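To keep things clear, I will list the structure first and then write my remarks on it.
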Amino acid sequence: MVKVLYIDCCIRREQSRTRVLAEAFLAALQAKKDYQVERLCLMDEPLAPLSEGFFAQRESLLAEHKHEHPRFRYARQFSQADRVVVAAPFWDLGFPALLKLYIENICVDGITFGADERGTFGLCKAKRLLFLTTRGGDYNHSPLEMGARYLEALCEFWGIPRFDVVAADGLDLGREAVQTILDRAIDDALALVENF
Ligand SMILES: Cc1cc2nc3c(=O)[nH]c(=O)nc-3n(C[C@H](O)[C@H](O)[C@H](O)COP(=O)(O)O)c2cc1C
């Protein structure tokens, strides 16, 4: 059984076009019997930024190698997944701060990455991470796009060898019907199901 961790950061929930894209991909994936999807909806999680006492607690726990502490549960869950799917809209040239909060909480030395005198190395089990997003403007291949590019860099940091992104671009431009653009992105995502 392939364990898939689905990270839902579609802040607008039922209104979210990104979620439509993600659910189409997950439905096709789950139709294949050997994939088990675990869902993590970030909007329902008590995620906190690393600051003040919350930061200090992390430093003392890590100094004592207490990786089993409940606050590291997100990092342990992430590092043990066989595949990861992240869905988040394009916000402010990247993605919502809620996803960054999650990332801040899973980047834990000794769980998702390690470090020695040569530098850092990834400790995650996942073979691939798929990022699903929708954008108001057209940022395909634009140097201004910082969300997918940042996640791709993080995959290298975490030791996840393959990164894919499927984006529906230009949803708010009015040049093409939203459904037409979404359908094209869904087709692109479904093409990845076969060997996921
Ligand atoms: C807070 C916020 C910030 C956004 N920032 C951008 C942006 O920088 N560039 C862009 O092209 N669209 C931006 N958009 C538009 C969204 O990318 C677009 O509407 C997307 O499809 C929303 O996804 P959703 O339907 O899943 O919520 C922004 C939307 C919101 C609400």
Side-chain angles (χ1 to χ4, degrees), residues 4-31 35-51 74 77-78 81 83-107 126 128-158 160 162-193 196:
V4 180
L5 175 62
Y6 168 52
I7 299 155
D8 178 357
C9 186
C10 299
I11 309 260
R12 296 197 306 135
R13 294 181 188 262
E14 281 68 35
Q15 273 78 51
S16 167
R17 289 89 64 97
T18 314
R19 195 179 260 188
V20 171
L21 172 61
E23 291 300 335
F25 176 80
L26 293 171
L29 194 68
Q30 283 173 297
Y35 288 82
Q36 187 182 53
V37 178
E38 186 177 5
R39 289 168 175 263
L40 183 68
C41 178
L42 298 189
M43 291 77 79
D44 297 335
E45 296 299 321
L47 287 161
L50 294 181
S51 179
Y74 298 115
Q77 178 188 44
F78 187 89
R83 308 281 188 275
V84 179
V85 178
V86 180
F90 186 59
W91 277 17
D92 308 330
L93 302 183
F95 47 65
L98 183 60
L99 181 55
K100 180 66 173 81
L101 261 190
Y102 173 74
I103 290 167
E104 199 171 84
N105 277 272
I106 63 168
C107 287
R128 56 194 291 186
L129 183 148
L130 170 63
F131 180 44
L132 301 168
T133 190
T134 68
R135 304 176 181 135
D138 187 353
Y139 287 84
N140 198 16
H141 305 304
S142 165
L144 298 182
E145 195 289 319
M146 306 300 285
R149 290 197 298 145
Y150 178 45
L151 274 178
E152 185 169 17
L154 281 168
C155 281
E156 192 161 328
F157 178 58
W158 291 322
I160 299 177
R162 179 163 171 184
F163 171 82
D164 292 281
V165 56
V166 172
D169 270 290
L171 286 190
D172 299 334
L173 293 177
R175 291 184 197 151
E176 237 184 329
V178 165
Q179 197 57 51
T180 306
I181 303 173
L182 261 185
D183 285 345
R184 205 159 47 226
I186 288 171
D187 283 348
D188 291 346
L190 294 185
L192 296 175
V193 168
F196 196 71

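Positions are given from 1, in the same order as the sequence printed here. What's counted below: heavy atoms across the whole structure, side chains too, no hydrogens, waters or symmetry copies. In each ligand, atom 1 is the first atom listed, and ligand 1 is the first ligand listed. Everything numeric in this text was worked out from a predicted model, so none of it was measured.
Sorted by chain then number, the residues whose non-hydrogen atoms approach ligand 1 to under 4.0 Å are R12, S16, R17, T18, P89, F90, W91, D92, L93, T134, R135, G136, G137, Y139, L171, D172.
Side-chain polar atoms of T18 and T133 form no donor-acceptor pair below 3.5 angstrom. In the model, Y102 has no side-chain atom that pairs as donor or acceptor with a side-chain atom of E45 under 3.5 Å.
Within 6.0 Å of CZ in R13 there are more than 12 heavy atoms belonging to other residues, nucleotides or ligands. Within 6.0 Å of CD on Q30 lie more than 12 heavy atoms contributed by other residues, nucleotides or ligands.
I103 places a side-chain heavy atom less than 4.5 Å from the side chain of Y150.
Salt-bridge annotation for R128 and D164: present, with a side-chain N of the basic residue lying under 4.0 Å from a carboxylate O of the acidic one.
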